[in-house]
Amino acid sequence: IGSGSYGTVHWLLQRQNPKKKNNNKDEDDDQVRYFVGKRPWTLSELTERHQKNQQQQQEQDEQGEIYGQKMKTKSNNNKKDDKDHHINLPERVTRCHYYWNVERHCFASTKLGQDVPSSSSSSSGSHHLQIPHYVGMTSTPATSTASTVPTDETNSKEYHHWMVFEFIG
């Protein structure tokens, strides 16, 4: 669905295969439920994103030189900051996990995910905000050998841990 500086958000699907009798034959009747899953970045993902950004910047710089233009970009103006940012990627992963765990705690501890009356109102009556219901946690196998920062004993480097929200749509 999207990504930001602290993590990524994806569609999560739950498949249920109840057996359905049809003319004396058992058939699978897939029932799919959609959820929204959110997880923090891993070190390998941040490293890959950083390398792609550097490569794109280098290609832009080279393209500017071909046309005799000196391209000024945020990245060119902050080369030292960019280098420092790369050195601190493990620290950034730790920070991503920290904020993710704080958010998880907040959702698990509160009654978020219900219709909440909005402070704004119109002539047609009051409005309600729809906040996705926090369903809980799930884990999926990591598709790479991504390093994760363990946040508790149940975390593993082989799995991505997701906060799961009901899909509102």
Side-chain angles (χ1 to χ4, degrees), residues 1-18 28-60 73-75 78 81-82 84-122 126-169:
I1 296 175
S3 62
S5 58
Y6 290 103
T8 183
V9 179
H10 293 258
W11 291 110
L12 298 180
L13 304 176
Q14 178 187 43
R15 292 190 187 277
Q16 296 176 342
N17 293 330
D28 287 337
D29 184 21
D30 280 349
Q31 294 177 349
V32 178
R33 288 185 62 196
Y34 291 90
F35 295 91
V36 175
K38 182 176 183 178
R39 69 171 176 81
W41 290 120
T42 64
L43 181 57
S44 63
E45 290 169 325
L46 286 178
T47 301
E48 183 179 325
R49 287 171 52 114
H50 177 76
Q51 290 170 346
K52 282 182 183 178
N53 288 342
Q54 281 186 325
Q55 183 179 7
Q56 288 174 347
Q57 186 57 50
Q58 184 178 3
E59 289 170 2
Q60 288 176 356
T73 64
K74 181 180 174 184
S75 181
N78 295 316
D81 294 340
D82 189 48
D84 291 343
H85 183 71
H86 179 65
I87 292 170
N88 291 322
L89 285 179
E91 179 183 317
R92 185 168 172 211
V93 169
T94 301
R95 192 171 55 242
C96 291
H97 282 261
Y98 173 80
Y99 287 124
W100 183 82
N101 279 315
V102 168
E103 186 176 0
R104 179 177 60 127
H105 171 77
C106 292
F107 276 107
S109 301
T110 61
K111 301 231 183 237
L112 293 176
Q114 302 172 3
D115 273 350
V116 178
S118 172
S119 59
S120 64
S121 62
S122 67
S126 65
H127 288 76
H128 289 274
L129 299 174
Q130 286 197 346
I131 300 172
H133 175 71
Y134 174 69
V135 176
M137 296 283 298
T138 193
S139 298
T140 59
T143 57
S144 67
T145 57
S147 299
T148 59
V149 176
T151 55
D152 59 40
E153 297 78 37
T154 62
N155 245 347
S156 165
K157 290 183 179 185
E158 294 87 24
Y159 290 90
H160 291 303
H161 300 280
W162 301 85
M163 278 189 280
V164 180
F165 300 91
E166 186 178 82
F167 171 64
I168 297 176

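Note: hydrogens, waters and symmetry copies are ignored here, and every other heavy atom, side chains too, is used.
Looking only at distances, no side-chain donor or acceptor of Trp162 sits under 3.5 Å from a matching main-chain atom of Leu12. Arg92 contributes a side-chain N or O that, together with a main-chain N or O of Ser5, makes up a donor-acceptor pair within less than 3.5 Å.
Rounding to the nearest 0.5 Å places NE2 of His105 at 9.0 Å from OG1 of Thr110. Between Ser44 atom OG and Leu89 atom CG the span is 11.0 Å, to the nearest 0.5 Å. Summarising the geometry, atom CG belonging to Leu43 is positioned 11.5 Å from atom CD belonging to Glu48; distances are rounded to the nearest 0.5 Å. Here the straight-line distance linking atom NZ of Lys52 with atom CD of Gln55 works out to 9.0 Å at 0.5 Å rounding. The line from OG1 of Thr140 to CZ of Arg39 is 7.0 Å long, rounded to the nearest 0.5 Å.
Annotation: side chain of His160 is not in contact with side chain of Pro141 (no heavy-atom distance under 4.5 Å). Side-chain contact between Pro132 and Val36 is absent, with no heavy atoms from C-beta onward closer than 4.5 Å. Ile1 is not listed as a side-chain neighbour of His10, based on a closest heavy-atom distance of 4.5 Å or more. Inter-residue side-chain proximity for Tyr34 and Leu13 is flagged as met; some heavy-atom pair is nearer than 4.5 Å. Looking only at side-chain heavy atoms (C-beta outward), Gln56 and Asn53 come within less than 4.5 Å of each other. Side chains of Val93 and Glu91 form no contact here, defined as non-hydrogen atoms less than 4.5 Å apart.
The residue from His161, Lys38, Met163 that alone fulfils the side chain to side chain contact (heavy atoms under 4.5 Å, CB included) condition with Arg104 is Met163.
The aromatic rings of Trp11 and Phe167 sit perpendicular, their planes meeting at an angle over 60°, well past the 30° parallel limit. Ring planes of His97 and Trp100: perpendicular class, angle over 60° (limits at 30 and 60°).
Side-chain contact of Thr42 with Glu45: a donor-acceptor pair under 3.5 Å is present, judged by distance alone.
Within a 6.0 Å radius of CZ in Arg49, more than 12 heavy atoms belonging to other residues, nucleotides or ligands are found.
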In sequence, state the C-alpha distance, the side-chain angles, and the governing distance for Gln14 and Phe35, and then conclude on side-chain contact (heavy atoms from CB on, under 4.5 Å).
CA-CA 8 Å; Gln14 178 187 43; Phe35 295 91; 3.8 Å; yes
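Trp41 approaches Gly4 most closely through the heavy-atom pair NE1-O, 2.7 Å. When all heavy atoms of Glu166 and Val135 are compared, the pair lying nearest together is N-CG2, 3.7 Å.
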